[in-house]
Amino acid sequence: MSDSTAASKNAADLPPKYVPADVEPAITQAWEQANAYAADASGGGDPFAICIPPPNVTAALHLGHALNNTLQDVLTRHARMAGKNAVWLPGTDHAGIATQSVVDKRLQATGQKALKEYKLDEAEGKGGRDAFIEKVQDWKDEYEARITQQLKDMGCSCDWERQAFTMDEPRAKAVREAFFQLFKDGLIYRGKRLVNWDPVTQTALADDEVEMEDIDGNFYYMKYPVCDASGGKTGDFATVATTRPETMLGDTAVAVNPDDKPRAQYIGQFVKLPIVDRVIPIIGDDYVVIPDEDSDDSKARMASGFLKVTPAHDPNDYDIGQRHDLPIINVMAPDASISITHGWPTEENPEANETLKPFVGLSREDARKVIVRWFKDNDLLAEVKPYRHAVGHSYRSHVPVEPYYSDQWYLKVTDDKLKGAALRAMDESQRQPSEDAAFNSNADTQATGLKFTPERYAKTFQTWHENIRDWCISRQLWWGHRIPVWSKSLQVSQSNAAEVFDEAGFYVIGLDHIFQHGEDWKETAITIVGPEGIVDYKQNGLALPAEPEQFTFFVCTTRDDMGKELEAAGFERDPDVLDTWFSSALWPMSTLGWPEKTPDLDLWNPTSVLCTAREIITLWVSRMVMFNLYFEGRLPFKDVFIHAMIQDGHGQKMSKSLGNGVDPVDIIHSHGSDAMRYTLTSMTTQTQDVRLPVDTIDPHSGITFTPKFITGPGGYKVAAPTQEHPPGSGKQMVSSYGLASGTAEPTEDMPAARNTSEKFDIGQRFATKLWNATRFALGNLADAKPDAVNVSMSVADRWILSRTVRAVEAADKHLAAYDFHNYANGLYQFVWNEVCDWYVEAVKPVIREPEGAKSRQVLAAVLDTSLRLLHPVMPFVTERLWSALSEVCPQRGVEGLDPAENELLVTAEWPTADRALIDRDAEERFGRIQGVVGMIREVRNGAKVSPKESLDFSVKVSDDVAATLREGLALMSAMTNTNIVAVGPDTEKPDNAAVVTAPLGEGYLHVEIDTAAESDRLTKRKEELEKSIKTLDGRLGNEKYTSKAPAHLVQQTRDQRAAAAAELERVEQQLSQL
RNA sequence: GGGCGAUUAGCUCAGCUGGCUAGAGCGCACGCUUCACACGCGUGAGGUCACAGGUUCGAGUCCUGUAUCGCCCACCA
């Protein structure tokens, strides 16, 4: 190793305490210098690849990300050590709407020119769009750098040379190409539909960007006068029930259920819509719920039987409107204020409607109040009932989403080539029985075997695809991939054909090659939309109408120069950008060079595993699967591992939007990176989310305390923005919530406070334990003479080697199953409870002696293996200790456990377990020693004998057993501070002695015992044994048990019964002798 | 409304296809500055496994129901 800081020269270089901050930076540097993470497709080994779920550049990472990335790093480091050609592809996501609105908010908050002003500039042709995007770009640069640093601080072994961003040029190229292909294949279409509109950010949202929240609202019962076709009132009323009175301005029908006897008679009549005086029909549609006061269905209880139909502002009403060919009247502007200029039919002449005028320009909230008031004043409000119901809110601006009728681009994910392929890709073993046609399709099944861990998430994936709807991919934003479509509308007829079309019937705009070579669709695709919809001009040419009709030409191209030509020809580029998830969906391909057929793509796609949280299965996993299958005919990854979510101390999800996130760097600061990684890994079980109570560190004093909590927006518990510690001291600080929510600004007197959590203590302690165990080993190995070969292994040596092999096997098994908890926990127990508590203690008496030669070898090998096994989860401390070990003891390993040496642990070989080292005899014998040692310690403690006081111990066993026990007795005596004074068949129990029993005999600890205490202890034990015997007898006395239960279990029960009876006898004997 | 998951020691969590005298870490009690480690060592106390039924020789583990909590999905009359 070339550096001097990371590598230790000898054991004395290891300070008594492990201080992560003193070690981590140098280790990071050593890895970087060695280029340890770089992957090359031409390198050997089986491919292993992980794509990072690219974090949004909206904000810094929190502990949820730390967990996500730690697990990926564990897998990657393991794969790398195991000799695979491993790559971990890093990157970030532009997160369109989220980033745009975060930046806009920040600009507003700091009094700078914000989105609104830039939009005005853009409208005036002053380039506001590009100027704003630059602002967002600055933000992105800042946070991308910060996120990258966080990942590096965590020790993430990404191949940083491959850092990607969903909006950089290679990814942009992939997006254009993908869009183009889908467009060309007819899977992207433009549709006028109801979308989820966010009136604040003024963009459409995908279904999954809408969050349902329960809202306390009202049911309003409004009376519409019934009339005839010409508007003549009958004096009767139809009372509609609605939660959204303001949309009544756009009503185009009233519906009743034809099976609703009392009301069906109204079908065919009309109502005169109040305020707007529109005469609209009463129609029959079985969607309408029939009122029933006694129903279980709350809707039936609340319903009036008359449903107002507003196709432009309610998805259900839209469907009804389609069924009955109703007009669609949009009554709102994009900001959701009441408007008569966004779709109101001119023949109604709304400008002249005096009654309507007061409502125009009102927000939908105000309009609701005013309209209700109008109905009340005009005696048309029948009733108002409180009603709690779910309302969709923008996940970004948190205002209710407005169903809004507008032009959008859709991706036809319902097509079998997308949806069907995704369903068929599921591993057969994880499919639910299904009626879905996709499973019966004859279509080629390109790839199969997509597997989820835990399995249950396969169901989420399947259900999502079975119910999938077309994906609205356009967003009215600036921050994103601009849609590569240019369009132009023009009036076309036979008379102007010569100006527009050439002889071949193709449209002429100076782009002859596009149209002349109509089948050469490599870079350009055209859709022509005429009055009757999409024109299949490729088959039939364009049938020109006699009278001029409107045709719109949509040209999709991946080439910028062609875009410019199109613009010169009067085409306009679509102003919208693509949904963020469109570029994310290409991630496993675009990070490997797609659309080029690169060696990387060949080797690493499909990637090995996707590691993510469950919330993203529908948004992201689904779309990656569909795209990768569609474009490359294979899966984006073979496995999907869904891990837990990190919750705060109140059981709330840790998230940026809640502001309760904890910066991993804070934890690294308080506990070290390895401690954080270890704790997070060991907390990862298959079922549970992780609850993590968070404390605050007072920056004035460095003292940790539990912050004061307040109830924040949305009813969540959050740390108060400013904290005082101790209360009343006047020493104030800004909490991480205060920072994240922008509700408090740190100052010199009121600095920002870091977070910590005692949950990470376990990792910190473990790192320290490992550190100290290594210090012990190095201290002894350093002095080791060249080993005398003729020393044989002790029972402890054989035992620990056996246990080490089992630890290797367990680690392999658990990692392969994504069982992170047991991987981490198993090694913790191995290192702490077996290596440190027993092996190191057992070896102490001989470790510096000539007869300890073999033990020194074993100790070095066991330590070597432990460091290798732990490296994926605790890379820093293990790497540091590795260099120290290599320095002191460059040659290590025993037969069967001798992986290749390597300068750096990060690229060292993963240990393989030679099962020949598994030694049942040693395990059994050492187990007995452990049992006896335990009993002696128990007696010593019970008798309150100081550990320093050496006690005599005599053993009664047969002579031949005594011979085999010699080694074990020596060990036992050393570990319990006892002198063995007699061993043999004639050993008598002294008067003052505690009896220790073991399978092969018994021992006497010569100690003045407290008769009363000993009597209590024995009596208690006696009762336990009696109870146990009773249970076992009950079992054995049950003929059904002895006949039905497996024989070995019955035998086991008999053995247990016998053992308990034997012990009971001894206990009773001891009691009688007290 | 549909689906998934959780409910085990004071706290945070393990307990795979039923065999447990139910485990771990923290916390707690007692004793130890034992020459790697007090971020330690040793010993111990602490649980009718949410509740009610059922299947079984046997249930923390399987089934049914109830309650509470969480998450995901769902077209806001």
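Convention: sequence-line order gives letters A, B, ...; per-chain numbering from 1.
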> Side chains of A:N822 and A:D819 only: does a donor on one sit below 3.5 Å from an acceptor on the other?
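A donor-acceptor contact under 3.5 Å links the two side chains.
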> Looking for any heavy atom pair under 4.0 Å, which part of the strands does A:N825 touch: base, sugar-phosphate only, or nothing?
nothing
> Measure distances between side-chain N and O atoms of A:E841 and base N and O atoms of B:A36, and say whether any donor-acceptor pair falls under 3.5 Å.
yes
> Ignoring hydrogens and geometry beyond distance, is a side-chain donor-acceptor pair present between A:D251 and A:Y224 at under 3.5 Å?
yes
> Given the P atoms of B:A45 and B:G23, what is the spacing between them in whole Å?
12 Å
> For the P atoms, the ones on B:G65 and on B:C30, what distance do you get once it is rounded to whole angstrom?
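Here B:G65 and B:C30 have their P atoms 50 Å from each other.
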> Mind checking the P distance from B:C69 to B:U8? Whole angstroms is fine.
15 Å
> Quote, to the nearest angstrom, the C1' distance that separates B:G60 from B:A6.
14 Å
> I need the minimum non-hydrogen distance between A:L1049 and A:Y1041, along with the two atoms involved.
O-OH, 3.5 Å
> For RNA chain B, what are the stems built from at least three Watson-Crick or G-U pairs in a row, each pair having both distances below 3.5 Å?
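As far as RNA chain B goes, consecutive pairing (with distances under 3.5 Å) yields the stems B:1-7 with B:67-73, B:10-13 with B:23-26, B:28-32 with B:40-44, B:50-54 with B:62-66.
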> Could you encode protein contacts along nucleotides 27-32 of chain B as a string, one character per nucleotide from 5' to 3', using B for base contact, S for sugar-phosphate-only contact and - for no contact, with a heavy-atom cut-off of under 4.0 Å?
---S-S
> Judged by atom type as modelled, is there a donor-acceptor pair below 3.5 Å linking the side chain of A:N780 to the main-chain atoms of A:F776?
yes
> Can you tell me, in whole Å, how much space there is between the P of B:G3 and that of B:U56?
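It comes out at 29 Å once rounded to the nearest Å.
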> I'd like to know if A:K459 reaches the base of B:C4 with its side chain such that a donor and an acceptor end up less than 3.5 angstrom apart.
no
> Which value, in whole Å, describes the distance between the P atoms of nucleotides B:G47 and B:A24?
15 Å
> Under the 3.5 angstrom rule, does the side chain of A:Q829 hit a backbone N or O of A:E834 as a donor-acceptor pair?
no
> So which heavy atom on A:D198 is nearest to which on A:V399, and how close?
OD1-CG2, 3.7 Å
